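What follows is a set of notes on a single structure, which appears directly below.
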Amino acid sequence: MKILVVGGGGREHAIVKKLAQSKKNPKIYVAPGNAGTEENATNVAISVMDFDALINFAKKEKIDLTVVGMDDPLVGGIVDRFEAEGLRVFGPRKNAAILEGSKAFSKDLMKKYGIPTAAYENFNDPQKAIKYLETANYPIVLKADGLALGKGVLICKTFEEAKSGIEELMIDKSFGDAGNTIVIEEFLQGREVSVLSFVDGTHYALMTSAQDHKRAKDGDEGLNTGGMGTFSPSPFYTEEVDRYCKEHIYQKTVDAMRAEGREFKGIIFYGLMLTKSGVKVLEYNARFGDPETQVVLPRMENDIIDVFEACIDGCLDKIDLKFEDNAAVCVVLASDGYPLKYEKGKKITGLENFEGKTDIFAFHAGTKKVNGDVLTNGGRVLGITAKAPTLKEARDKAYEATKLVEFENKYMRNDIGMSIDSKD
């Protein structure tokens, strides 16, 4: 069996590692991949948005299944293009990927179908948005409607901050066309939890919960990033929370998309906020999270190819999704200065310490191989993940493992998973 994975980050490296464990013994290709994916796959120098080249490659190599990891190609309609060519592909079509591609769409969907979320208003006129802010309660949240690498969310404590945020998103276009429309919503307080699910258009199967750390610095200080670390499972995702979400959120979302003529097949990622007044949906993603995938997939017991196939074929209800009774913590090693300005091309040493290990992993995100050396090639460089019987043990093991690898401008948060020490 031949499989093509589209993407080149830590999430895709985690998917490749899981595919490599399949009993189907697949030959794996990754476009474009990174220095880590080369361990189990063949990297192909094709951009994730070059649909024609990807389709031509899939046809030439007789690829049996393409797995799309990233949001941009999904929102851009890669699945529709592959299907039109008779190619088998895992991921939502363009009209379903809008669940992530437009925050205004997803908020309106939740309102229409009674799925709990924060109160909000959508705006495409900056002056009207500023006028609305004059009578709003603070803090308040501004969200770019479109894709913004997980960074198009501003939490504003005052009117002046919010007005400046409107200018940044809608006038200065810090995130390009993603800020043509913005969502202004109430600020929710509580614990944030991520839950990923496989979806086959009708049924869903939950993966284990996780909890991301978005801010660049310890104590949730600093700028928003694509994620500085995560742990799984979240002790805050209790049986009571699970019951509530199954009744009011998960199936309702799948049914709502089908009712709108936007059948969803692939991954729905739920960003949840556990507030005093109940669970609310912060956002949806239409693909595996990054770095959540790096703590969820290593704990999954199923053959991932079977699950992908079931989603495509609409028979996910026949799959008994199982996860190990343990925990995982991922600490992201970034380039100092991320997410603003940072240097690339630093040599990484110590990666051999992870070879053959089944309890610690170095998932490559921003890396490339040059003349046999592995070099940094992005803001987030590696996701150091550890598995252990308990979250505290996994956290200790992950931080110990971060010492096994070095590069010149290595930077990390030192408090990933610290919240598990208190369940208040």
Side-chain angles (χ1 to χ4, degrees), residues 70-77 80 92-156 161-188 192 194 199 214 224 248-249 252-264 266-273 279-287 289:
M70 296 180 67
D71 45 7
D72 283 332
L74 289 170
V75 171
D80 308 64
R93 297 182 186 115
K94 183 174 184 175
N95 75 343
I98 193 175
L99 190 64
E100 175 172 8
S102 169
K103 290 184 174 63
F105 168 84
S106 65
K107 294 293 288 191
D108 289 346
L109 183 87
M110 287 185 269
K111 180 188 278 186
K112 180 176 178 180
Y113 289 92
I115 296 164
T117 190
Y120 74 101
E121 295 288 344
N122 299 330
F123 294 91
N124 52 28
D125 179 332
Q127 298 312 316
K128 287 183 179 174
I130 289 168
K131 186 161 184 58
Y132 174 81
L133 290 171
E134 290 172 357
T135 56
N137 294 321
Y138 292 87
I140 204 161
V141 183
L142 311 182
K143 293 182 176 180
D145 174 54
L147 300 177
L149 299 172
K151 300 169 198 165
V153 177
L154 305 176
I155 298 169
C156 306
E161 268 186 44
K163 184 182 177 193
S164 170
I166 297 286
E167 291 167 355
E168 181 185 341
L169 293 172
M170 302 189 80
I171 298 170
D172 299 340
K173 300 284 187 187
S174 292
F175 297 102
D177 290 344
N180 289 350
T181 298
I182 67 162
V183 178
I184 301 180
E185 71 177 32
E186 70 170 318
F187 176 73
L188 297 177
E192 201 172 329
S194 306
V199 183
K214 284 283 185 199
N224 232 3
H248 299 284
I249 296 173
K252 267 188 164 182
T253 299
V254 176
D255 293 345
M257 290 297 283
R258 198 171 67 255
E260 292 290 308
R262 299 173 182 273
E263 180 187 57
F264 195 105
I267 303 286
I268 297 182
F269 169 128
Y270 298 88
L272 306 174
M273 183 67 88
V279 185
K280 305 276 179 77
V281 178
L282 281 178
E283 64 173 356
Y284 295 109
N285 290 334
R287 37 74 191 179

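Since this is a predicted model, take the numbers as computed values, not measurements.
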Inter-residue atom distance [X].[atom1] - [Y].[atom2], 0.5 Å rounding:
X	Y	atom1	atom2	answer
Arg258	Phe264	CZ	CZ	13.5 Å
Phe123	Ile184	CZ	CD1	4.5 Å
Ile155	Glu161	CD1	CD	10.0 Å

[X] to [Y] - nearest heavy-atom pair and separation:
X	Y	value
Tyr138	Cys156	CD2-O, 3.8 Å
Ala129	Ile166	CB-CD1, 3.7 Å
Leu74	Ala286	CD1-O, 3.5 Å
Met273	Leu282	CB-CG, 3.9 Å
Ala96	Arg262	CB-O, 3.7 Å
Met170	Asp125	CE-N, 3.8 Å

Measure the shortest side-chain to side-chain distance between [X] and [Y] over non-hydrogen atoms and say whether it is less than 4.5 angstrom.
X	Y	result
Ile249	Pro116	yes
Ile98	Phe105	yes
Leu99	Met257	yes
Leu142	Leu169	yes
Val75	Leu147	yes

* Steps toward side chain to side chain contact (heavy atoms under 4.5 Å, CB included) verdict (Asn122, Ile182) -> CA-CA 6 Å; Asn122 299 330; Ile182 67 162; over 6 Å; no
Main chain of [Y], side chain of [X]: is a donor-acceptor contact present, judged purely on distance under 3.5 Å?
X	Y	result
Lys163	Leu133	no
Asn95	Gly261	yes
Glu185	Ala119	no
Glu100	Asn285	no
Asp80	Lys94	yes

Strictly by modelled atom types, are [X] and [Y] linked by a side-chain donor-acceptor pair under 3.5 Å?
X	Y	result
Asp108	Tyr120	yes
Glu260	Tyr113	yes
Ser102	Asp145	yes
Thr117	Lys111	no

[X] with [Y]: basic N within carboxylate O range, under 4.0 Å:
X	Y	answer
Asp71	Arg287	yes
Asp255	Lys252	no
Arg93	Glu263	yes

* With sequence neighbours excluded, residues passing ring pair (Phe, Tyr, Trp, His ring centres under 6.0 Å) with Tyr270 ->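 Scan of Tyr270 (ring pair (Phe, Tyr, Trp, His ring centres under 6.0 Å), adjacent residues dropped) gives Tyr250, Tyr284.
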* **side chain to side chain contact (heavy atoms under 4.5 Å, CB included) between Glu192 and Leu272, worked out** => CA-CA 6 Å; Glu192 201 172 329; Leu272 306 174; over 6 Å; no
* Asked: Who passes side-chain hydrogen bond (donor to acceptor under 3.5 Å, both in side chains) against Lys173, sequence neighbours left out?
  ->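 side-chain hydrogen bond (donor to acceptor under 3.5 Å, both in side chains) check on Lys173 returns Asn180.
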* **Check against side chain to side chain contact (heavy atoms under 4.5 Å, CB included), Asn137 and Glu186** => CA-CA 8 Å; Asn137 294 321; Glu186 70 170 318; over 6 Å; no
